[in-house]
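Notes follow once the structure below has been shown.
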Amino acid sequence: MSEHIRAVSPITGVQVEIMNDVSILVGGRAGDGINSAGLIVAHLLNHIGYRVYMYFDYPSLIKGGHNFALVRGSGSPVGAHRNRADFILALNQDSIDLHGDLIRDETTILFDSGRVDADGIPVPVSEILKELDAPAVMGNSCIIGAFARSAGIEWAVLESVFRQKIPKGLEKNLQVARRGYDAAHVTQKIEPIGRETFPILTGNEAIGIGLLHGGLDAFVAYPMTPTSNILHFLAESAVDLPLDVVHPENEIAVFLMALGFAYAGKKAAVCTSGGGFCLMTEGFSLAGMAELPIVVVMGQRTGPSTGVPTYTAQTDLHFMIHAGHGEFPRLVVAPGDAAQAFTWSSLALSMAWKYQVPAIILADKTLCEGSYSFEQRAPPDIGEADSRMDPGEYRRYALTDNGISPMLHPPAPGAVIKVNGYAHDEAGITTEDADTIRIMTDKRKQKSASLKAAVEDLGSVIVRGKADASTAILCWGSNLSVCTEVADSLGLRLIQPVVLWPFPVETFQKALSGVERLVLVEDSAYGQLSMLISGYGFPTDDLVLRYDGRPNSVEELVARIQEVLA
Amino acid sequence: MSEHIRAVSPITGVQVEIMNDVSILVGGRAGDGINSAGLIVAHLLNHIGYRVYMYFDYPSLIKGGHNFALVRGSGSPVGAHRNRADFILALNQDSIDLHGDLIRDETTILFDSGRVDADGIPVPVSEILKELDAPAVMGNSCIIGAFARSAGIEWAVLESVFRQKIPKGLEKNLQVARRGYDAAHVTQKIEPIGRETFPILTGNEAIGIGLLHGGLDAFVAYPMTPTSNILHFLAESAVDLPLDVVHPENEIAVFLMALGFAYAGKKAAVCTSGGGFCLMTEGFSLAGMAELPIVVVMGQRTGPSTGVPTYTAQTDLHFMIHAGHGEFPRLVVAPGDAAQAFTWSSLALSMAWKYQVPAIILADKTLCEGSYSFEQRAPPDIGEADSRMDPGEYRRYALTDNGISPMLHPPAPGAVIKVNGYAHDEAGITTEDADTIRIMTDKRKQKSASLKAAVEDLGSVIVRGKADASTAILCWGSNLSVCTEVADSLGLRLIQPVVLWPFPVETFQKALSGVERLVLVEDSAYGQLSMLISGYGFPTDDLVLRYDGRPNSVEELVARIQEVLA
Amino acid sequence: MTRSSLITDAQNTWCPGCGNFMILFALRNVLEALSEEGRSLDSVVLVSGIGCHAKIADYMNINSFYSIHGRTIPVATGIQLANPDLTVIACAGDGDAYAEGLDHLVFAAKRNVDITLLVHNNRVYGLTTGQYTPTSPLGFRGRSTPGGTIEEPFNPLELVLASGGTFIARESSLQMDSLQETIMEAIRHRGFSYVDILQICATYFNMTSYYRERMYRLKDHDESDFDQACDRMREWDYNGDAPIGLGIFYRREKDTFGGRLSGRKTVAVDRESAIRKILDERR
Amino acid sequence: MTRSSLITDAQNTWCPGCGNFMILFALRNVLEALSEEGRSLDSVVLVSGIGCHAKIADYMNINSFYSIHGRTIPVATGIQLANPDLTVIACAGDGDAYAEGLDHLVFAAKRNVDITLLVHNNRVYGLTTGQYTPTSPLGFRGRSTPGGTIEEPFNPLELVLASGGTFIARESSLQMDSLQETIMEAIRHRGFSYVDILQICATYFNMTSYYRERMYRLKDHDESDFDQACDRMREWDYNGDAPIGLGIFYRREKDTFGGRLSGRKTVAVDRESAIRKILDERR
Ligand SMILES: Cc1ncc(C[n+]2csc(CCOP(=O)(O)OP(=O)(O)O)c2C)c(N)n1
Ligand SMILES: Cc1ncc(C[n+]2csc(CCOP(=O)(O)OP(=O)(O)O)c2C)c(N)n1
Ligand code: SF4
Ligand code: SF4
Ligand SMILES: [Mg+2]
Ligand SMILES: [Mg+2]
């Protein structure tokens with residue numbers, strides 16, 4: 001495309017360009033299938049060699065309102081949207097009226113001429129549907145067809161994408177799309193740049209697949225945005241897999257059932273968001289005391305309370321680190337894109353089991369419901385804990401050097417396996433004895449230390465951008481991609497701790513070496529990561545916070561970073 | 001008494017003595033009424049002019065086991081037990097066998113000769129009961145009688161205490177006590193030192209009375225050690241008061257009912273411990289978003305999970321500060337003794353209402369179930385928030401300079417009062433608009449700032465001991481008393497932040513002025529307050545942690561402090 | 001906000017054809033009627049949970065407490081106990097009242113708390129895009145159960161009856177007039193008034209014709225007869241094929257929890273002297 | 001820990017005369033009998049909540065999961081679903097199962113989860129020193145209700161029946177032999193087996209003579225007859241004065257939740273190729 005990011009780095013003075021960069025807005029009402037339409041557009045780009053990213057924006061309602069998808073294609077990996085649209089596919093008037101800031105002179109606007117008034121290429125969607133006797137929901141196939149034509153994407157590409165993605169009513173959809181295709185003309189050609197396709201996954205799907213890869217046996221969940229789709233995805237997938245998916249009466253039941261699975265030797269995970277997580281905290285503390293492995297996928301959204309259910313936030317970091325009464329080891333990882341989501345979900349499950357601790361995959365709406373070109377990276381093999389012990393002598397909480405006790409599951413012939421949320425002795429029997437309480441607390445502390453060491457070993461802090469720059473952007477979770485892009489373009493260092501607890505202090509310190517100015521980018525009002533690292537003596541110089549539920553576009557963030565650095 | 005604390009301060013070289021100091025152990029089985037017996041002993045001391053403190057130790061069972069009370073009397077205010085007993089009142093063998101470390105040459109041991117084998121003054125309790133045809137439960141009156149005699153407490157004092165404290169079966173109890181009195185002889189006289197008596201209150205009672213003083217209208221709770229007794233106490237007291245006490249089906253109902261009370265204009269509070277609090281966190285976040293005032297009394301006990309229900313801990317500080325998803329203002333106060341419990345419970349309720357925030361009174365088992373001579377100090381009057389607004393124009397979340405909106409309650413003629421856990425506009429209507437979300441988050445942030453300023457104004461950090469010492473003991477909650485005593489005896493400074501959130505950074509900084517070495521004393525395994533202050537750049541030099549569920553005695557703490565300072 | 005109209009100008013975001021509109025209008029009409037009778041609407045409070053149904057809190061221009069998923073009932077209970085003069089109406093979803101917060105339903109019935117509970121029972125989680133609820137039929141294919149559920153629904157009327165309910169009714173969003181009448185009766189009833197409203201979800205579970213074919217109004221039914229109530233409630237089990245009775249199944253008078261609670265109060269003494277008394281007892 | 005005995009050497013801290021002893025012994029005897037029949041006790045798991053009753057997890061020398069207050073049932077459910085070959089026995093208190101975690105009871109019955117639930121119903125919170133529970137009679141003076149409660153108890157048997165329960169029994173800690181027999185039947189029943197055990201709390205609510213005067217065993221009772229079951233259950237409402245029937249009130253066969261869940265499984269494919277397939281579909 002013609003226009004690229006042209007930012008002059010205030011640090012290096014270098015002007016950076018991102019090549020082969022295209023942005024497309026698809027907008028319509030809830031119920032118009034905007035999410036699927038956006039995904040099809042993403043797949044068109046995927047099939048001509050682009051890495052893609054899609055941000056999907058929708059209010060909390062079922063029909064009506066305004067939904068839009070921002071699809072981005074690029075020659076290199078992407079995970080952020082831009083503040084411009086090269087193409088707009090408008091199925092409602094809001095897609096034009098609410099997005100003036102994205103429109104450039106060269107923007108191609110394709111619009112449903114029956115519903116939308118705009119300058120650009122009109123597509124008579126309803127007429128076409130009527131002529132072909134096609135249902136209203138096929139309207140987006142029509143406009144996609146028009147888009148393909150105007151972007152110079154070959155019909156064959158569209159046809160093959162449709163064949164794969166729209167098996168239901170394929171022929172009719174193709175007819176509709178063809179009519180859209182014919183109604184338009186080439187405006188800006190998106191050049192094919194390769195033939196390799198990548199799977200396009202939402203963060204939610206990447207998490208689900210990562211858990212499956214890690215050996216997930218059971219998934220228990222009560223629906224809650226933005227993680228419900230993990231439940232839906234795994235429920236769909238369960239048919240082919242040795243996987244039980246259960247949707248119980250509420251989150252309390254969810255968590256305790258999952259602990260039941262874990263006790264019986266099945267690797268279990270749950271998903272939720274803040275309000276549901278609150279209801280799990282009592283069980284979370286039980287998992288800590290009883291040393292039961294469990295993984296919680298916790299998708300942040302704008303809070304507090306019900307907040308803004310379908311919008312993003314990064315405001316639960318401290319809650320995750322401290323949730324549950326009493327002190328016990330836990331793991332908190334915050335992947336930043338689909339690739340990390342896969343790797344760290346798999347790892348979180350393995351680590352939860354190896355260290356017999358509860359683990360949290362801390363995601364956010366931007367990650368969960370964003371779609372990414374996915375490149376699979378095999379997670380490192382961390383091995384398993386030793387579980388050998390003479391059954392007759394079995395003690396669930398036997399003391400060991402690393403604090404990890406051999407874990408057996410019933411039926412284990414001859415062994416009596418007692419787990420207990422009270423303070424207990426090695427055998428799992430309740431105790432009130434001062435020495436035993438202290439010794440068992442030390443055991444759990446030792447486990448913390450073992451986990452901490454493992455986390456430092458795993459390379460839990462990512463450094464990107466200009467590695468020797470003395471100004472660094474610090475971020476976590478879904479801010480990874482936009483910050484990476486901005487760091488690259490401004491010649492800054494990028495630092496992202498993927499593991500947030502136990503905090504990888506040494507690795508983080510190394511990542512900081514030579515940094516004189518640290519700028520935190522976070523979707524919160526208080527700067528949660530800054531509060532966390534200040535506890536380890538790491539100051540943050542600038543906070544670039546956003547808390548209106550929307551993620552930053554590349555341009556918005558460039559501007560804000562330039563502002564604080566000016 | 002003959003022996004006093006004789007510690008030589010490593011800092012000042014000064015030898016400190018505490019005068020008029022007496023320690024008494026009362027021990028027996030659960031069901032023997034050891035708690036009441038200990039309290040009677042405390043009242044005997046109270047009536048001869050002593051300030052008292054009682055630590056009550058009991059396992060989580062109803063009958064049997066071993067209970068004991070450590071009663072301390074002193075010429076000056078006390079709130080900690082010592083590692084010695086001048087008298088032991090033994091109703092079971094464990095009272096001797098398990099407490100060897102408290103016994104000195106001069107210890108007077110009074111024991112039930114039918115059940116206990118010991119050196120000292122035998123009291124034929126069962127024979128006496130049998131002869132007088134008195135029930136078994138009067139056994140402790142008998143041994144108390146013997147104690148009074150051996151401590152040289154006049155019969156008239158005992159009789160007057162019994163008249164006030166044991167109205168039920170008074171005459172029989174007096175007969176039994178008299179026989180015990182006659183069975184003993186004076187061994188060590190506890191000199192009367194005054195005539196003024198103080199109310200003796202548990203921390204729980206002081207909290208309850210403080211809430212009443214602050215204007216409590218409704219108390220809603222589900223029983224949980226160590227705060228159940230607040231429920232019991234207020235349920236007893238409700239008859240005479242404009243107070244509703246409700247015990248619903250679980251903690252979720254508790255919290256949401258209490259929010260219902262608050263919405264309708266009634267000042268409500270709840271009590272619980274860690275596990276129950278977990279269940280309240282979702283409602284807590286709702287209170288934050290909906291700006292509903294509410295007070296939670298949160299009694300810490302040994303965790304995680306069910307842990308050791310009747311033993312103490314200070315391990316929930318960070319959980320309290322961060323509980324609930326999303327970011328919102330809250331108040332966390334941690335009183336250290338009965339006087340502070342009264343003052344700050346009253347204040348917590350007033351501040352919750354003035355700032356329309358949830359407030360936590362963070363107590364612990366040691367404070368909740370310890371008994372203290374109570375000196376009432378009137379809490380400062382913080383005034384109320386402005387609630388004027390034209391009803392016809394009423395907007396529950398109207399924007400103001402300090403972030404506090406006028407709060408009305410239904411029925412308010414002409415006003416429509418809408419509270420909402422979704423992000424909302426000024427009128428309380430749900431919004432997903434980016435600007436409104438941001439503005440309303442800023443409003444709550446402004447309220448945080450107003451609350452923070454008020455907290456700094458209130459003298460929220462206590463300094464005691466040697467005010468100019470460069471070594472300071474830092475503590476919070478129930479560790480206040482033992483640390484004060486140790487600081488006094490070692491010539492150290494004592495610093496106790498009573499408000500823990502919003503953390504009174506400036507006041508704390510002032511309290512620290514001139515401190516070169518800071519020693520944190522805390523009942524936890526990780527040093528929670530140290531983690532908190534390090535986030536503000538205040539380093540802690542030494543951690544004196546205890547996590548076996550038991551509070552430190554004065555001697556134990558002296559030894560541990562001397563050890564770290566050596 | 002002034003009450004020139006009983007409907008706010010918040011944008012309504014229910015789907016076209018959603019049964020919630022009927023419930024909204026029915027409630028508005030009932031409140032208008034009450035207002036005409038002279039009851040001040042300043043004393044009415046609407047409490048809702050979270051779900052499509054709950055948006056009614058935004059749409060009704062009266063006092064409201066828009067709470068959290070599943071917790072409609074304890075909030076309503078607290079408000080009622082705090083001020084017995086308020087008329088407290090709780091609107092809950094079936095996910096809300098029958099799954100997330102079921103225990104509160106049982107206890108409201110047990111205690112006979114003087115609130116009115118309207119369950120917008122569309123037998124699906126609407127707002128979270130169509131998962132099964134406790135009243136979805138066996139085999140329901142929702143997004144969490146793509147192969148169909150493997151559990152039978154329960155019958156919420158039977159549950160409330162077993163819990164001690166004193167006013168138990170079923171209505172439908174398809175029958176506006178009767179819905180209004182029953183809501184009015186429910187509000188008038190002193191004690192826990194429970195109306196299960198079979199609400200059409202146009203998007204995820206449109207049972208319009210199913211219901212139309214089976215619905216009938218209870219006739220010659222003695223509301224005070226427990227056994228008759230049982231029988232009628234059991235006729236349709238929310239799963240199989242049977243006539244679906246609408247109307248008031250059961251009604252009886254009983255002390256309310258709030259009434260008993262305030263009945264306990266002796267003449268209130270002043271706070272400070274009560275505190276002084278407590279302290280003196282502990283000297 | 002080896003199973004030389006079915007009782008651990010943990011110190012027993014129940015009060016003298018506590019009905020929990022009888023339940024402990026009954027359960028031990030049943031397990032011994034099962035073991036003699038050849039069932040391996042390695043496959044038995046005991047789940048408990050928190051309360052006096054729950055200490056049974058410490059005292060029985062078998063696999064156990066000592067969970068948290070009110071959550072006995074979901075833990076037991078998870079274990080059973082994870083491994084259908086396990087025999088899962090859940091011991092709950094009345095505070096546990098009827099107050100804190102009531103919703104789980106209803107859903108276990110609704111789903112017919114294949115576990116056995118023994119409720120140690122002493123009609124009081126024992127471990128927290130004597131507060132009322134949902135089955136305490138009206139006017140019960142506990143520590144949270146010094147003036148007496150103001151709510152009637154509910155009848156848990158009726159609730160479980162209304163929820164879809166397939167095995168509903170009541171026993172007493174005063175009748176050891178029948179208690180044992182019924183526990184045995186409950187364990188043998190495929191599906192959700194629920195036994196409400198009227199347990200004596202020697203310290204806070206000693207109803208020994210009250211029960212002895214009123215208890216009788218169900219006779220000529222058709223366990224498969226729903227209406228008879230209803231009638232018998234309603235005879236005593238946990239409040240008023242009436243004969244108290246003991247025995248199995250209701251029993252029927254029905255698919256279990258676990259059975260239906262595992263029935264769904266197709267032949268399992270290997271994990272990696274399933275993942276590859278999922279990824280390929282998304283290219
Ligand atoms: C604790 C919690 N869990 C989950 C959710 C997500 N959630 C919002 S609405 C809803 C279900 C709504 O179903 P229902 O109560 O039947 O209302 P409807 O939308 O059908 O009117 C859920 C699960 C939530 N808000 N809070
Ligand atoms: C979430 C939570 N709330 C409260 C408690 C305190 N608690 C412990 S046992 C118990 C009640 C026990 O009553 P019940 O279940 O009837 O058992 P019982 O002691 O009578 O056998 C309570 C309220 C707790 N452990 N956890
Ligand atoms: S999803 Fe169903 S219940 Fe929700 S608004 Fe749409 S039609 Fe109504
Ligand atoms: S309090 Fe009651 S239930 Fe608990 S052990 Fe004692 S007698 Fe048994
Ligand atoms: Mg619904
Ligand atoms: Mg009980």
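The model shown is predicted, which means the values in this text are computed figures rather than measured ones.
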Where on C:Ala57 is there a heavy atom nearer than 4.5 Å to chain B: the side chain, the backbone, both, or neither? backbone
Counting only heavy atoms closer than 4.5 Å, note whether C:Val45 contacts chain B via side chain, backbone, both or neither. side chain
Select all residues of residues 274-283 of chain C having any heavy atom within less than 4.5 Å of some heavy atom of chain B, and report them by number, or 'none'.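 When heavy atoms of chain B are the reference, residues 274-283 of chain C contributes C:Ala274, C:Ile275, C:Lys277, C:Ile278, C:Leu279, C:Glu281, C:Arg282, C:Arg283 within the under-4.5 Å range.
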Do any of residues 91-102 of chain C have a heavy atom less than 4.5 Å from a heavy atom of chain B, and if so, which, in residue order?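 Result: none.
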At a heavy-atom separation under 4.5 Å, does [X] approach chain C through its side chain, its backbone, both, or neither?
X: B:Asn46; answer: side chain
X: B:Glu282; answer: both
X: B:Ala253; answer: both

In terms of heavy-atom pairs under 4.5 Å with chain C, the winner among B:Leu212, B:Val161, B:Leu259 is B:Leu212
Top contributor to chain C contacts, counting heavy-atom pairs under 4.5 Å, from B:Asn250, B:Asp244, B:Leu39, B:Val220: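 Top count of heavy-atom pairs under 4.5 Å with chain C: B:Asp244.
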Among pairs that include at least one residue of residues 32-89 of chain C, which meet ring pair (Phe, Tyr, Trp, His ring centres under 6.0 Å), considering only residues two or more places apart or in two chains?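 Every ring pair (Phe, Tyr, Trp, His ring centres under 6.0 Å) pair that includes a residue of residues 32-89 of chain C, provided the two are not neighbours, is A:Tyr222-C:His69, B:Tyr263-C:Phe65, B:Tyr422-C:Tyr66, C:Trp14-C:Tyr59, C:His53-C:His120.
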Would you indicate whether the side-chain heavy atoms of C:Arg111 and B:Pro248 approach each other to under 4.5 Å? yes
Is the shortest side-chain heavy-atom distance between B:Ile429 and C:Asp9 below 4.5 Å?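 Answer no - side chains too far apart.
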Do you know which of C:His104, C:Lys55, C:Glu272 has the most heavy-atom pairs with chain B at a distance under 4.5 angstrom?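 The option with the most such pairs is C:His104.
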Considering all heavy atoms, the nearest B:Gly260-C:Ile79 contact: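 In terms of heavy atoms, the two residues are closest at O-CG1, 3.4 Å.
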Would you find a donor on one side and an acceptor on the other, under 3.5 Å apart, between the side chain of C:Asp58 and the backbone of B:Thr430? yes
For chain C, which residues of residues 286-294 of chain B have at least one non-hydrogen atom nearer than 4.5 Å to it? B:Leu286, B:Leu292
